[in-house]
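Scroll down for the structure; my scribbles are underneath it.
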Amino acid sequence: MTSSVVPDRILVNGRITTLADSGDVPGEVSALAIEGGVITSVGGDGEIRSLAGESTEVVDLGGRRVVPGLIDSHVHFVRAGLTWDDEIRWEDVYELSTALELVAEAARRQPAGSWIRVIGGFDDRQFRDGGRGPTRQELDRVAPDHPVYVQMQYTYVQLNTLAMEAMGITEELVSTLTHLGRFERDENGELTGRGLGVQLMPWFYRRLPAPAFENQVASTASLSREFARVGLTGCIDGGGFNTGPDVYHPIYETWRRGELSTRVRLYKHGAAPGTEEDDLAGYARFLEPHFGDDMMRVSGIGEVIVFRSHDHMDTPGDTSPEAMEMHERLLTPFAAKGWTVQIHAHHTLYIDRLLDVWERIDSKHPISGLRWTIVHGVGITEEHIPRLQALGAGVMVQSLMRFHGEESIKAWGAALIARSPEMRKLIEAGVPIALGSDGMRGASYNPFTSLEWFLTGLTVAGTPTLAEENLLTREEALRGYTVGSAWCTFEDGVRGRLVPGYRADLAVLSKDYLTVPTEEIHTITSELTLLDGRVVWASGAVC
C-alpha cells in the first residue's frame with residue numbers, strides 16, 4: 001500500500017511486522033515510508049524506494065525484525081523516574097557476583113558517603129550462583145564507604161552497616177517498629193540489616209535522601225530513554241502507593257522541556273488513605289478526560305480508588321457494602337463525565353463486587369464505550385467474562401507470576417494459578433487484553449522478559465504457572481503489548497500497528513522476536529527506536 005507523498009525517511013530490507021487487521025495490508029513487509037511523523041506507505045523495497053526524494057533518509061535494516069513500538073499497559077513510570085539516575089538496576093542480572101560488582105562500580109564512581117540504591121525489579125531466584133540476595137557483609141565488602149540500600153520487590157530491604165547507621169537502626173528503634181514488620185537476626189541474635197514486610201517499605205523510603213528537583217527531572221528523562229532502549233515507545237502509568245500530588249511535578253517539567261522519549265499516559269487517584277473523597281471529587285470537578293498532548297496525557301482515574309480495598313492475590317481487601325458503596329459514589333461522577341477508569345483487582349471476591357458496582361453505574365451512565373479496565377485480574381473466572389463483555393471492559397494483565405509464581409501456588413494451589421487469569425477464554429470472547437509489567441519495584445520493566453513469560457508461563461526459577469491453553473502465541477503477546485495497550489487510551493486507531501495513517505512509533509530489534517528461541521526473548525533490545533519517525537534511541541548497529 002503506497003502513497004505519492006515524498007517521505008522524510010524510508011526503512012528498507014527488513015522484516016516488518018505490521019499487525020494489520022485489514023487484508024489490504026500484509027502482515028509482514030520489507031519496507032515502509034514515513035512523512036511528518038506518520039507512516040505513509042508500506043510494501044516491498046522497490047516500491048518504497050521509488051517514493052524517495054533527494055532529501056529522504058534511507059535506513060537499511062539489514063534484514064532485522066521491526067515491530068510496532070511496545071506500550072506497557074501498567075507500569076509505575078512516574079514514581080520510578082524520581083530516582084532512576086540514583087539507582088542500580090538488577091532486572092537483567094543473573095549472577096549475584098555480577099550484581100555485587102555493579103555495587104562496587106558505583107562505589108568507585110560516587111563520592112564516599114553517598115547512597116547506593118537498588119530498588120526492586122529483581123528476584124533472588126534469578127541469581128544462578130546461589131538463588132539468594134546479598135548479605136550485609138557482602139555489601140560492606142564491595143562498598144565500605146557508602147550506605148547501601150537493596151530492596152527485593154516488597155519482600156525485604158537489605159542494608160549494609162553504614163546504611164544501618166545512617167537510618168538509626170538500633171535495638172531500641174527496632175523495638176518500636178514491630179507493628180510494621182520484622183528485622184532479621186543472625187544465629188547470635190544480632191541484627192543482620194534486613195527488614196521484612198511490605199509495611200516497612202514506606203518507613204524506609206522516608207529515610208532515604210530525595211534527589212533535588214532538577215535531578216528528578218533529568219532522572220525522568222533518563223528513564224524515558226531507557227524505555228526507548230528496550231523498544232518501549234509508550235506506557236500507561238498506574239500511579240500506586242506513594243504517588244501523591246508532589247510526585248508529578250518532575251514529569252510535568254520533563255514534558256514541558258520536550259525531554260520525554262516515551263509517550264506517557266497518566267491515571268490519577270487519591271493521594272493517601274482517607275483523602276480519596278476529596279481528591280477524586282476535585283479531579284471530577286476540575287479535570288477533563290484526555291487532557292494533554294501526544295507525549296503526555298491524563299487518560300483516566302486509577303489504579304487505586306479506595307485504599308482499604310486495595311487487594312492482594314491472597315486477600316480481597318475491604319469488600320464490605322460500605323466500601324463498595326464508596327466505590328460507586330466516587331466513580332459515578334467519572335462515568336457521567338466520560339472518564340476512563342482502571343482499578344487494581346487481584347482477588348475473585350473483589351472482582352465480583354467491583355463488577356456489581358460497575359453494572360449499577362452502567363445502568364445510570366453507560367460505561368460500555370469508556371474502556372474501563374481491571375488491572376491484574378488474576379482472580380478473573382469464566383463467570384466474569386460475559387459481564388466484562390457486556391460492560392465493554394478490558395483487562396490489563398502483567399507477568400507477575402514470573403516472580404511470584406511459587407508463593408501464589410502455595411497460597412492458592414497450582415490448579416487455580418494455571419487459569420489465573422483465563423487468558424484463552426478472554427481472548428476467544430473478544431475481551432480486550434493489554435499486556436504490561438507492573439515494574440519497577442515489584443517486577444522487571446523489561447518488556448521482553450514479560451513477553452517471554454506470556455509464552456512460557458515459567459517463573460525465574462523455572463516453575464510452570466499458566467496452563468498450556470492460557471499461554472499466548474508470539475503474535476498474540478505482541479498484540480497485547482502494542483495495539484492492546486493502545487486500546488485502553490482510545491489510541492488503537494493511531495498507535496500499535498505499522499500501517500499507513502498510524503504514528504511512526506517502532507523498534508528495530510537486536511534479535512528476531514518471531515523466530516529466536518523462546519528462552520532468548522528476554523535478551524532482546526532495540527537497535528533503533530523511532531517515535532513519530534524521529535530517533536529516540538540508536539545503538540549504532542542500524543544506519
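All residue numbers in this chain count up from 1 along the given sequence. Here the structure is a predicted model, which means the values were calculated and not measured.
Taking the ring axis of Y205 as reference, the NZ or CZ atom of R79 does not stay both within 45° of it and closer than 6.0 Å to the ring centre. K268 forms a cation-pi arrangement with Y248, by the criterion of a distance under 6.0 Å to the ring centre and an angle within 45° of the ring axis.
Considering only heavy atoms from C-beta on, P464 comes within 4.5 Å of L458 through its side chain. Here the side chains of V397 and L426 are not in contact, with every heavy-atom distance at 4.5 Å or above. Considering only heavy atoms from C-beta on, Y267 stays 4.5 Å or farther from E303 through its side chain. A heavy-atom distance below 4.5 Å is not found between the side chains of I251 and D237. Here the side chains of V157 and L200 are not in contact, with every heavy-atom distance at 4.5 Å or above. Inter-residue side-chain proximity for V516 and R474 is flagged as met; some heavy-atom pair is nearer than 4.5 Å. Side-chain atoms of T456 and L471, non-hydrogen and from C-beta on, never get closer than 4.5 Å to each other. Taking 4.5 Å as the limit, every side-chain heavy atom of W537 sits out of range of all side-chain heavy atoms of S261.
Taking both residues in full, the closest heavy atoms of G436 and F454 are given as O-CE1, 4.2 Å, listed atom of the first, atom of the second, then distance. Scanning both residues, S224 and T262, for their nearest heavy atoms gives O-OG1, 3.0 Å. Scanning both residues, V103 and A143, for their nearest heavy atoms gives CG1-CB, 4.1 Å. In plain terms, the two heavy atoms of H269 and V304 that are nearest each other are CB-O, 2.9 Å. Here the shortest heavy-atom pairing between H76 and M440 reads O-CG, 3.9 Å. Nearest heavy-atom pair, L528 versus A538, reported as atom, atom and distance to 0.1 Å: CD1-CB, 4.0 Å.
R141 has no carboxylate O lying under 4.0 Å from a charged side-chain N of E138, or vice versa, which leaves the two without a salt bridge. A salt bridge does not link E406 to K410: none of the charged side-chain nitrogens sits closer than 4.0 Å to a carboxylate oxygen. Using a cutoff of 4.0 Å between basic side-chain nitrogens and carboxylate oxygens, E87 and R117 are not scored as salt-bridged. The existence of a salt bridge linking R65 and E527 is excluded, since no basic side-chain nitrogen approaches an acidic carboxylate oxygen closer than 4.0 Å. A salt bridge between R185 and E171 is present, with a side-chain N of the basic residue lying under 4.0 Å from a carboxylate O of the acidic one. Salt-bridge annotation for E276 and R308: absent, with no side-chain N of the basic residue lying under 4.0 Å from a carboxylate O of the acidic one.
Distance check, rounded to the nearest 0.5 Å: CD1 of I305 to CD1 of I301 gives 7.0 Å. For the atom pair N446 CG and F227 CZ, the distance stands at 10.0 Å (nearest 0.5 Å).
The backbone N or O of G405 lies less than 3.5 Å from no partner atom in the side chain of T465, so there is not a single donor-acceptor pair. A donor-acceptor pair is defined here as one N or O able to donate and one able to accept, closer than 3.5 Å; such a pair exists between the side chain of T348 and the backbone of G379. The backbone N or O of D123 sits less than 3.5 Å from a side-chain atom of Q126, completing a donor-acceptor pair. Panel note: side chain N160, backbone D140; no donor-acceptor pair is recorded below 3.5 Å. Within the 3.5 Å criterion, the main-chain N or O of R229 finds no donor-acceptor partner in the side chain of T525. H376 places no side-chain N or O within donor-acceptor distance of the main-chain N or O of V378, the cut-off being under 3.5 Å. Although no hydrogens or angles enter the test, the distance criterion places a donor-acceptor pair under 3.5 Å between the side chain of S219 and the main chain of W84. Looking only at distances, no side-chain donor or acceptor of D92 sits under 3.5 Å from a matching main-chain atom of T523. Looking only at distances, no side-chain donor or acceptor of S510 sits under 3.5 Å from a matching main-chain atom of I524. Judged by distance alone, with hydrogens and angles left aside, the side-chain atoms of Q216 form a donor-acceptor pair with the main-chain N or O of P211 at under 3.5 Å.
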Original post:
Are V150 and L139 close enough, and set up right, to give a side-chain contact (heavy atoms from CB on, under 4.5 Å), and what steps lead you there?
Top reply: CA-CA 9 Å; V150 174; L139 295 174; 4.0 Å; yes
**OP:** Determine, stepwise, if the pair E383 / T381 fulfils side-chain hydrogen bond (donor to acceptor under 3.5 Å, both in side chains).
**Re:** CA-CA 5 Å; E383 289 70 30; T381 66; 3.1 Å; yes
Original post:
Taking it one step at a time, do F204 and L159 satisfy side-chain contact (heavy atoms from CB on, under 4.5 Å)?
Top reply: CA-CA 10 Å; F204 279 118; L159 306 175; 4.0 Å; yes
Original post:
Please walk me through it: do Y481 and S437 pass side-chain contact (heavy atoms from CB on, under 4.5 Å)?
Top reply: CA-CA 10 Å; Y481 241 101; S437 68; 3.9 Å; yes
**OP:** With side-chain contact (heavy atoms from CB on, under 4.5 Å) as the test, would you mind laying out the steps for W487 and T373 before giving the verdict?
**Re:** CA-CA 10 Å; W487 176 89; T373 53; 3.8 Å; yes
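Q158 pairs with exactly one of Q151, E184, R194 by the side-chain hydrogen bond (donor to acceptor under 3.5 Å, both in side chains) rule, that one being R194. Looking at E476, E469, E468 one by one, the single match for side-chain hydrogen bond (donor to acceptor under 3.5 Å, both in side chains) with R424 turns out to be E476. Screening L232, I236, L531 against R263 for a side-chain contact (heavy atoms from CB on, under 4.5 Å) leaves a single residue, L531. Checking E226, E91, R89 one by one against Y445, the side-chain hydrogen bond (donor to acceptor under 3.5 Å, both in side chains) holds for a single residue, E226.
Aromatic pair H522/Y94: ring centres closer than 6.0 Å. Residues H344 and H74 place their aromatic rings such that the two centres sit no closer than 6.0 Å.
There is a side-chain donor-acceptor pair under 3.5 Å between D512 and T515. H384 and D352 share a side-chain donor-acceptor pair at under 3.5 Å.
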